[in-house]
Student: 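One structure, as structure tokens, below. Some questions next.
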Amino acid sequence: MTLALVDGNNFYVSCERVFNPKLEGKPVVVLSNNDGCAVARSAEVKALGVKMGEPWFKMRDLAKKHGILALSSNYALYADMSNRMMTVLRQFSPDQEVYSIDECFLGLDGFQHLDLIEYGHAMRQRVRQWVGIPVCVGIAETKTLAKLANHCAKKNHAGKEGVCDLTRMTDTERSALFSNIGIREIWGVGPRLTEQLVGRGITNVEALRNSDAKTLRREFSVVLERTIAELNGIPCMDLEEVVPNKQQIMSSRSFGQYVYDLAPLQEAVACYIAIAAEKLRSQGSVAGMVQVYVRTNPHKADAPQYQRGLTVPLTEASDDTLLLTRAALWGLKKLYRPGYAYQKAGVALLNLSAAGAPQMDLFSTAKDNSRVMAVMDRINGMWGRGTLHSAAEGVRHDWHMKREKVSPGYTTRWDQLPLVT
DNA sequence: CTATAACTCTCAA
DNA sequence: CTAACGTTGAGAGTTATAG
């Protein structure tokens, strides 16, 4: 197997730069929902030592000193740019797995007659020119190695300029390269595993590649065994071109300010259900259980803490927003305790199955709202989500997340298109 | 006791 | 002046529970 992993460089920042060239060459961060933490950092910001996931308030001083520009995340924009990027990349191979918003695997079996390094450069060049996004390309025999190759391409290891093809290296060259890469860079090795492996003296990729997979499987897990195999060029993961339906659908959000009363919590939960149920219907599923949870701010150690979730089983699986909302609100009422500063609420739709199967409950009293839902989805699809909503969702939404530095919907909203005058 | 369900932990982007 | 810290999803492994 030969495959490429193509990954956008600090993707969200790059998307913003396409439409606002003034951001070019400047330190830029894109913040998570609620303007909380850094989720994308330009090279200039990384150079200043800002870590991934660092809270914005903690870097305020640094930001002021170095003129760091912060933007709220604009997912509508990033999703649209992602689609364009994926479309261009699909021209380079019919076998594409869209792995996340900013990266995809491309199957390259049957392309080996080409100079794959040149091919990788062609990908970079075309995505840059047609979409405006800079990407790096890693090429290797397994997904894990392709990820690693991509890392090398990004870091400019061994003089790579945005493209790294491990298949063209001798084993000696690989060993030298891998000896200089920490295990934390390996796909599937997170902070916990890193700590434990380092404790055993396994610190770099070369060391892990040469360690005994069977022993480590016994001590850790089958996941690590597979990772080791993949590092040695033995594929354990296939290219997955068809995206399977979700097994669970979640929707949760932190509030822009603390919430104390039941009423606003109910509104928020109703909104989250509406979002989740819309996704549920779009993949043609029904949910058998609804989970709802609330929590206070765990970072605020001196405040009274409360965190609880409840799973509400439905007598009959459903995709009806109104029914799912009732179930969630029933659960919320059970959970709610007055006297706490709630920071976040969320819902999950669980036990998903395919819709359209005949309803088996003879004694069902549930009203069939499927046509109402279809109309709602059509209207909201045309005019934007939230155009038509249930009364339970409310209208004021004082609790709504902060999004103070958001850029215009350049590619998705006519009314936000900046006009050249 | 076994088979499942439910829950916890880890990882990823 | 203070307080201000994401979201969504999967899979493996473990524990609780039902029969």
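Just so you know, these numbers use all the heavy atoms, side chains as well, and skip hydrogens, waters and symmetry mates. By convention in this document, chain letters (A, B, ...) are assigned in the order of the sequence lines, proteins followed by strands, and residues within each chain are numbered from 1.
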Student: Quick test of your reading: applying ring pair (Phe, Tyr, Trp, His ring centres under 6.0 Å), list the pairs with at least one residue in residues 3-45 of chain A, sequence neighbours left out, ordered by first then second residue.
Tutor: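 Listed by first then second residue: A:Y12-A:Y75, A:Y12-A:Y78, A:F19-A:Y410.
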Student: Only pairs at least two apart or in different chains count here, so list each ring pair (Phe, Tyr, Trp, His ring centres under 6.0 Å) that has a residue in residues 271-326 of chain A.
Tutor: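 Sorted result for residues 271-326 of chain A: A:Y306-A:Y340.
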Student: Quick one: A:E404 CD to C:dG6 P, roughly how many Å, whole number?
Tutor: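 Taking atom P of C:dG6 as the reference, CD of A:E404 is at 14 Å.
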Student: May I ask you to list the residues of residues 41-61 of chain A, by number, that have any heavy atom positioned under 4.0 Å from an atom of DNA chain C?
Tutor: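 Within this stretch, A:P55, A:F57, A:K58, A:R60 sit under 4.0 Å of the strand.
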Student: Using the ring pair (Phe, Tyr, Trp, His ring centres under 6.0 Å) rule, collect all pairs that involve residues 179-220 of chain A, keeping only residues at least two apart or in two chains.
Tutor: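 Qualifying pairs, neighbours excluded: A:Y99-A:W187, A:F105-A:W187.
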Student: For the CZ atom on A:R378, are there more than 12 heavy atoms of other groups (residues, nucleotides or ligands in this structure) within a distance under 6.0 Å?
Tutor: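 Open: at most 12 neighbouring heavy atoms sit under 6.0 Å from CZ of A:R378.
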Student: Taking the six-membered ring for Trp, are A:H397 and A:W399 parallel (under 30°), tilted (30 to 60°) or perpendicular (over 60°)?
Tutor: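 Tilted, since the angle between the ring planes falls between 30° and 60°.
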Student: Output yes when at least one side-chain N/O atom of A:K300 is less than 4.0 Å from OP1 or OP2 of C:dA4, else no.
Tutor: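 It does, given that an N or O in the side chain of A:K300 lies less than 4.0 Å from OP1 or OP2 of C:dA4.
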Student: Produce a footprint string for nucleotides 7-19 of chain C: one letter per nucleotide, 5' end first; B if the base is under 4.0 Å from any protein heavy atom, S if only the sugar-phosphate is, - if neither.
Tutor: SSSSSSS------
Student: Does either side chain, that of A:E206 or that of A:S175, offer a donor lying less than 3.5 Å from an acceptor on the other one?
Tutor: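 A:E206 vs A:S175: donor-acceptor pair found between side chains.
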Student: Using Watson-Crick or G-U wobble pairs with both distances under 3.5 Å, give me DNA chain C in dot-bracket, 5' to 3', with [ ] for crossers and | for pairs to another strand.
Tutor: ......|||||||||||||
Student: With a 4.0 Å cut-off, would you call A:D415 and A:R413 a salt bridge?
Tutor: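 Looking at A:D415 and A:R413, the cut-off is met.
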Student: Under 4.0 Å from any atom of DNA chain C, heavy atoms only: list the residues of residues 132-142 of chain A that qualify, in numerical order.
Tutor: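 Contacting residues: none.
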Student: Any ion pair linking A:E103 and A:K147 (charged N to carboxylate O, less than 4.0 Å)?
Tutor: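 Salt bridge present between A:K147 and A:E103.
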Student: Please determine if A:R192 and A:E195 form a salt bridge, counting it only when a charged side-chain N lies under 4.0 Å from a carboxylate O.
Tutor: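 No.
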Student: Determine the interatomic distance between P on C:dC5 and the same-named atom on B:dA13; round to the nearest Å.
Tutor: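 Roughly 25 Å separates the two P atoms.
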Student: What N/O pairs connect the protein and nucleotides 5-8 of chain B at under 3.5 Å? Give each pair on its own line.
Tutor:
none

Student: Tell me whether A:E97 is salt-bridged to A:K143, with the criterion being a basic N under 4.0 Å from an acidic carboxylate O.
Tutor: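 A salt bridge is present here (some side-chain N lies under 4.0 Å from a carboxylate O).
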Student: Consider only side-chain N and O atoms of A:D35 and A:S72, and report whether a donor and an acceptor are under 3.5 Å apart.
Tutor: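 There is such a pair (donor and acceptor under 3.5 Å, judged by atom type) between the side chains of A:D35 and A:S72.
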Student: Please name all residues satisfying ring-ring contact (aromatic ring centres under 6.0 Å, His included) with A:Y336, sequence neighbours left out, ordered by chain then number.
Tutor: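 Expected list: A:Y342.
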Student: How would you label the contact of A:N297 with the nucleic acid (heavy atoms, under 4.0 Å): base, sugar-phosphate, or nothing?
Tutor: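 Sugar-phosphate: the residue A:N297, judged by heavy atoms under 4.0 Å, touches backbone atoms but no base.
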Student: Return yes if a side-chain donor-acceptor contact under 3.5 Å exists between A:R226 and A:T144, otherwise no.
Tutor: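 Judged by distance alone, the side chains do not pair up.
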Student: Could you tell me whether A:D80 and A:R84 make a salt bridge, using a distance below 4.0 angstrom between a side-chain N and a carboxylate O?
Tutor: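 Between A:R84 and A:D80 there is a salt bridge, with a charged N closer than 4.0 Å to a carboxylate O.
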Student: Report all interatomic pairs (protein N or O, nucleotide N or O of nucleotides 11-13 of chain B) with separations under 3.5 Å.
Tutor:
residue : atom : partner : partner atom : Å
B:dC11  : OP1  : A:G190  : N            : 3.3
B:dC11  : OP1  : A:L193  : N            : 3.0
B:dC11  : OP2  : A:R192  : N            : 3.1
B:dA12  : OP1  : A:I186  : O            : 3.4
B:dA12  : OP1  : A:G188  : N            : 2.3
B:dA12  : OP1  : A:V189  : N            : 3.1
B:dA12  : OP2  : A:R184  : NH2          : 3.2
B:dA13  : OP1  : A:K147  : NZ           : 2.3
B:dA13  : O3'  : A:S100  : OG           : 2.8
B:dA13  : O3'  : A:D102  : OD1          : 2.8
B:dA13  : O3'  : A:E103  : OE2          : 3.4

Student: Contact between A:I68 and A:E44 at the side-chain level, heavy atoms closer than 4.5 Å - yes or no?
Tutor: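 No, too far: nothing below the 4.5 Å cut-off.
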Student: We want to know whether A:S407 and A:N74 form a side-chain donor-acceptor pair, criterion being a heavy-atom distance below 3.5 angstrom.
Tutor: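 Yes, A:N74 and A:S407 have a side-chain donor paired with an acceptor closer than 3.5 Å.
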Student: Considering residues at least two apart in sequence or located in another chain, which fulfil the salt bridge (Lys or Arg N to Asp or Glu O under 4.0 Å) criterion with A:E393?
Tutor: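 For A:E393 there are no salt bridge (Lys or Arg N to Asp or Glu O under 4.0 Å) partners, ignoring immediate neighbours.
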Student: For A:H121, which residues count as a ring-ring contact (aromatic ring centres under 6.0 Å, His included) partner, sequence neighbours excluded?
Tutor: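 If we apply the ring-ring contact (aromatic ring centres under 6.0 Å, His included) test to A:H121, skipping adjacent residues, there are no hits.
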